[in-house]
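These notes concern the structure reproduced below.
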Amino acid sequence: MPVQRLNHAVLYVRDVERSLAFYRDVLGFRVKTEIPGAAVFLQAEGSTNDHDLGLFRVGEGAGASEAGRRTVGLYHLAWEVDTLAELARVRDALLQAGALVGASDHATTKALYAQDPDGLEFEVSWLLPAALVTPELTEGAPMTAPLDLDREIARYGADTRGGVGVSVPA
C-alpha cells in the first residue's frame, strides 16, 4: 500500500517555549506531551493524531537555516484548513503575529505562507473541492497568482468545505 499522508513533522527550534507559544496561540495547536525546556509534542486542533508537530530545543546559539540558500533541506510544511473562513482567521492571526510573508492563489489551492519565530517557513492552505476543479482551472492557468481571499470567499463561500475527497452539493 502506498504512503497515504504526512503523519507529523519535527522541527529543531532555538527556544521550545517561544515556539510553543507561537504554534499554540497563532495556529491553535495544543500540547500533548512535554519535556520541559527540551521538547514538546503538539496536536492540531482538528486532529486525532497522537501528535502532528514536535519541537526540539537546540538552543539560542543555533544559526539560521540555510536550506534553499546554501544547503539542501526542507523548504516548508503545509497544513490544510477546511474552509476559507478558517483560512481568513489564520491570515488575521498571522498578520497580528507579524508572521505572514505571502499569500498565493494556485488555482486549486489558496495558500498563506508564514515564518515561525526561528524563520522556518510553513504554509496554511485551503484546497478547492474536487467537484469544483475544472479543466479551465488547471490547463494553462498560472501556477501562482496573488491571493485575493475576500474574492475567493465571495466566489466559493466562506464555509464551503475544501479538500480533494470532498464533494459539493449541486
Problem - side-chain contact (heavy atoms from CB on, under 4.5 Å) between F22 and V13, worked out - result: CA-CA 12 Å; F22 176 83; V13 299; over 6 Å; no
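Between the D15 side chain and the E60 main chain, no donor and acceptor come within less than 3.5 Å of each other. Here the side chain of E17 pairs a donor or acceptor atom with the backbone of G37 at under 3.5 angstrom. Here the side chain of S104 pairs no donor or acceptor atom with the backbone of H106 at under 3.5 angstrom.
Here R14 pairs with D118 under the side chain to side chain donor-acceptor pair (under 3.5 Å) rule; sequence neighbours left out.
A 6.0 Å sphere centred on CZ of R70 holds no more than 12 heavy atoms belonging to other residues, nucleotides or ligands.
Pairing each heavy atom of P117 with each of R18, the nearest pair is CB-NE, 3.4 Å. Nearest heavy atom pair, residue L120 against residue S65, reads CD2-CB, 4.2 Å. Between A158 and T83 the shortest heavy-atom distance is O-CB, 3.3 Å.
Note: Y75 and F122 fail the aromatic proximity criterion, with ring centroids not under 6.0 Å apart.
Counting only heavy atoms from C-beta outward, the side chains of E123 and T109 approach each other to under 4.5 Å. Two residues are said to be in side-chain contact when any heavy atoms from C-beta on lie closer than 4.5 Å; F29 and L55 fail this criterion. Side-chain contact between D52 and L42 is absent, with no heavy atoms from C-beta onward closer than 4.5 Å. Taking 4.5 Å as the limit, every side-chain heavy atom of L87 sits out of range of all side-chain heavy atoms of R91.
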Side-chain donor-acceptor pairs of residues 145-157 under 3.5 Å, sequence neighbours excluded:
| unit_1 | atom_1 | unit_2 | atom_2 | d |
| --- | --- | --- | --- | --- |
| D148 | OD1 | D150 | N | 3.4 |
| D148 | OD1 | R151 | N | 3.0 |
| E152 | OE1 | K110 | NZ | 3.4 |

Solution key, residues 126-133 side-chain donor-acceptor pairs under 3.5 Å, sequence neighbours excluded:
| unit_1 | atom_1 | unit_2 | atom_2 | d |
| --- | --- | --- | --- | --- |
| W126 | NE1 | D82 | O | 3.1 |
| W126 | NE1 | T160 | O | 3.3 |

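The CD atom of Q43 lies 13.0 Å from the NE2 atom of H8; values are rounded to the nearest 0.5 Å. Distance CG/D116 to NE2/H76: 13.5 Å, rounded to 0.5 Å.
V16 is not connected to I35 by any chain of hydrophobic side-chain contacts under 4.5 Å among Ile, Leu, Val, Met, Phe, Trp and Tyr, and they are in different clusters. Connection of Y23 to L74 is established within a shared hydrophobic cluster, with ILVMFWY side chains joined at heavy-atom distances below 4.5 Å, either directly or through further cluster members. Follow the hydrophobic side-chain contacts under 4.5 Å out from L11 and you reach V31 in the same cluster. Linking ILVMFWY residues whenever their side-chain heavy atoms come closer than 4.5 Å, directly or via other members, leaves V40 and V10 in distinct clusters.
Checking L27, L95, L100 one by one against V90, the side-chain contact (heavy atoms from CB on, under 4.5 Å) holds for a single residue, L27.
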